Each structure stands twice: as C-alpha cells, then as structure tokens.
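The structure appears below as structure tokens.
No experiment lies behind these values; they were computed from the predicted model shown. Both counts, for ligands and for their atoms, begin at 1 and track the order of listing. Hydrogens, waters and symmetry mates play no part in the numbers below; they use all other heavy atoms, side chains included.
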Amino acid sequence: MTEELAYIGANIANIRERVKSAALRSGRDPQDISIVAVTKTVGLEKINRAIDEGLNVLGENRVQEICEKYDNINRECKWDLIGHLQTNKVKYIIDKVNLIHSVDRMELAEEIDKKAHKSGRVVDILVQVNVAMEESKFGLCAHEVKDFVRALSKFNSIRVKGLMTIAPYTQNEDVLRSVFRELNKIFIDIREENIDNIDMELLSMGMSNDFEIAIEEGANIVRIGTAIFGKR
Ligand SMILES: *Cc1c(COP(=O)(O)O)cnc(C)c1O
C-alpha cells in the first residue's frame with residue numbers, strides 16, 4: 001500500500017465516527033447507514049484504496065466514467081449512478097449499475113424498464129427530488145413525487161427503493177435541515193401507502209458538507225466524495 005494515500009484511510013475512519021455519532025444522536029443504529037464513496041474524477045489507485053478500507057459502493061455521476069472505471073477496477077464493488085442520466089445512455093450502464101439515484105422523469109423510467117427487461121434483470125432506482133426547487137438542479141418538485149412513484153409501480157423491471165435529493169450549496173444549517181426533513185416526510189408518507197412494487201427503504205441524502213444533518217433527519221445513504229478523497 002502506498003503510504004502517500006494513507007490520508008484516505010484516515011478520512012474514512014473519521015467519517016465513520018461522525019456517521020456513527022449522528023446515527024446515535026438521532027436514536028438510530030449506525031449499521032443502518034451506508035456510505036457511497038463518490039469517485040467522480042478520482043483515479044483508480046485512490047478508488048482501490050477506498051475499497052481496501054471497506055467502502056465498496058462507488059458513486060459516479062457520468063455514464064462514460066462508470067463504464068471506463070468498471071472495466072479497470074477488478075475488485076468486489078458496486079457502482080451507483082448518482083448524477084443526471086440521459087435517456088439515450090441508459091443502455092450503456094444497465095448491466096453495470098447497482099442503484100440509480102437520479103430517476104426524475106417518466107421517459108427515463110420507461111427506458112430503464114425497457115433495457116432492464118431486455119437484460120433480464122430488475123434495476124433498483126431512487127426518485128430524485130428537487131426539494132428546494134433550485135433552477136440549477138434536476139429532480140421532481142415535492143408535490144409531484146407521490147403521483148410519480150405511484151405511476152412507477154406498473155413497471156416490472158424497475159424496483160423503486162426510495163428517494164434522493166441534493167441539498168442547496170449552503171452552510172446554513174436551518175436551510176439544510178428543513179430540506180432533509182421535508183424529504184423524509186415525503187418518504188414516510190409514501191411508505192405508509194404500501195404501494196405495490198414500491199419498497200420505500202432508502203433515503204439518499206447528505207454529502208461531505210452536510211451528511212451529519214442529513215443522518216439526523218433520516219438519511220440512510222450518504223454520498224461522500226471530497227471528505228474522503230480531498231478536493232476535486
Ligand atoms: C459529487 C456528488 C456528491 C459528493 O459530493 P462531495 O461534496 O464531494 O461529498 C454527492 N452526490 C452527488 C449527486 C454528486 O454529484
């Protein structure tokens with residue numbers, strides 16, 4: 001192992017401690033929170049180091065990058081797509097992804113269902129919600145989520161596993177907390193409907209700057225890049 005990459009191990013240990021504390025503060029089992037290591041722009045050697053440290057779910061936001069890395073990381077790991085997905089690129093990743101975090105429109109869901117069916121698999125997805133209604137971000141508006149999820153229940157080759165959001169880029173804790181809280185409310189509300197073919201289990205929210213607040217507000221997947229690998 002390269003000594004110069006030791007900081008990755010130290011960062012991961014630090015993050016695990018903080019995840020654990022945040023989980024305990026909110027009365028939850030730290031084991032229930034999973035960390036996606038966001039590896040966009042990160043090179044293979046560093047990714048391998050994170051896998052050595054036990055982080056084997058990797059998050060990428062570009063299809064091309066997943067495809068290139070997929071062939072070059074010969075380790076036991078899973079790839080999550082966390083970024084915007086163009087409909088015409090679904091075919092490239094359908095056999096590679098573990099979980100798509102960013103389903104935000106019917107046309108995309110139809111294409112994922114079609115290609116998954118062709119591959120003989122069922123693909124797990126999350127519905128992306130733009131809670132703060134930021135122009136720059138993808139995702140459904142909060143009030144559209146329930147009907148959208150209901151509509152997805154008809155697909156046989158997609159399994160809805162939960163919701164995802166990207167909070168506004170701010171240090172304002174109140175703003176962050178209210179965004180995460182609102183998504184958690186929608187999540188619980190839909191879960192209580194017990195819709196066929198919908199398993200509301202996963203709530204993907206929180207990044208390097210805000211993952212502790214996200215966990216306190218109900219996240220069970222956090223997506224962390226910078227705090228593991230350093231500035232991109
Ligand atoms: C880049 C990215 C992250 C990780 O962001 P950091 O601030 O580096 O932790 C998480 N989620 C999505 C969707 C991203 O694009």
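For the pair Asn220 (side chain) and Glu201 (backbone), a donor-acceptor distance under 3.5 Å is present. Asp210 places no side-chain N or O within donor-acceptor distance of the main-chain N or O of Ile213, the cut-off being under 3.5 Å.
Proximity to Thr226 (heavy-atom distance under 4.0 Å) selects the following atoms of ligand 1: 6 (P), 7 (O), 8 (O), 9 (O). Counting atoms of ligand 1 from 1 in the listed order, those under 4.0 Å from a heavy atom of Ile224 are 9 (O). Set against the non-hydrogen atoms of Arg223, the atoms of ligand 1 under 4.0 Å away are 4 (C), 9 (O), 10 (C), 11 (N), 12 (C), 13 (C).
Asp104 approaches Gln128 most closely through the heavy-atom pair CB-O, 4.4 Å.
Relative ring orientation between Trp79 and Tyr70 is described as tilted, the plane-to-plane angle lying within the 30° to 60° band.
Closest to atom 9 (O) of ligand 1 among all protein heavy atoms lies Ser208 OG, 2.5 Å. In terms of protein heavy-atom proximity, atom 10 (C) of ligand 1 is closest to Met207 SD, 3.3 Å.
Contact annotation: for Asn61 versus ligand 1, heavy atoms closer than 4.0 Å belong to the side chain alone. If you look at Asn209 next to ligand 1, there are no close heavy atoms at all, none under 4.0 Å. Using a 4.0 Å cut-off between heavy atoms, Lys40 contacts ligand 1 through its side chain alone, with no backbone atom that close.
Looking at Arg49 and Glu45, no side-chain N of the basic residue comes within less than 4.0 Å of a carboxylate O on the acidic one, giving no salt bridge. Between Glu216 and Arg177, at least one side-chain N (NZ, or NE/NH1/NH2) sits under 4.0 Å from a carboxylate O, which counts as a salt bridge.
Considering both main-chain and side-chain atoms, Gly225 comes within under 3.5 Å of ligand 1 through a nitrogen or oxygen pair.
In Gln64, the CD atom is not crowded: 12 or fewer heavy atoms of neighbouring residues, nucleotides or ligands sit closer than 6.0 Å. The environment of Glu144 atom CD is dense: over 12 non-hydrogen atoms of other residues, nucleotides or ligands sit within 6.0 angstrom.
The shell of residues lying under 4.0 angstrom from ligand 1, judged by heavy atoms, excludes His101. Under a 4.0 Å heavy-atom criterion, Ile82 is in contact with ligand 1.
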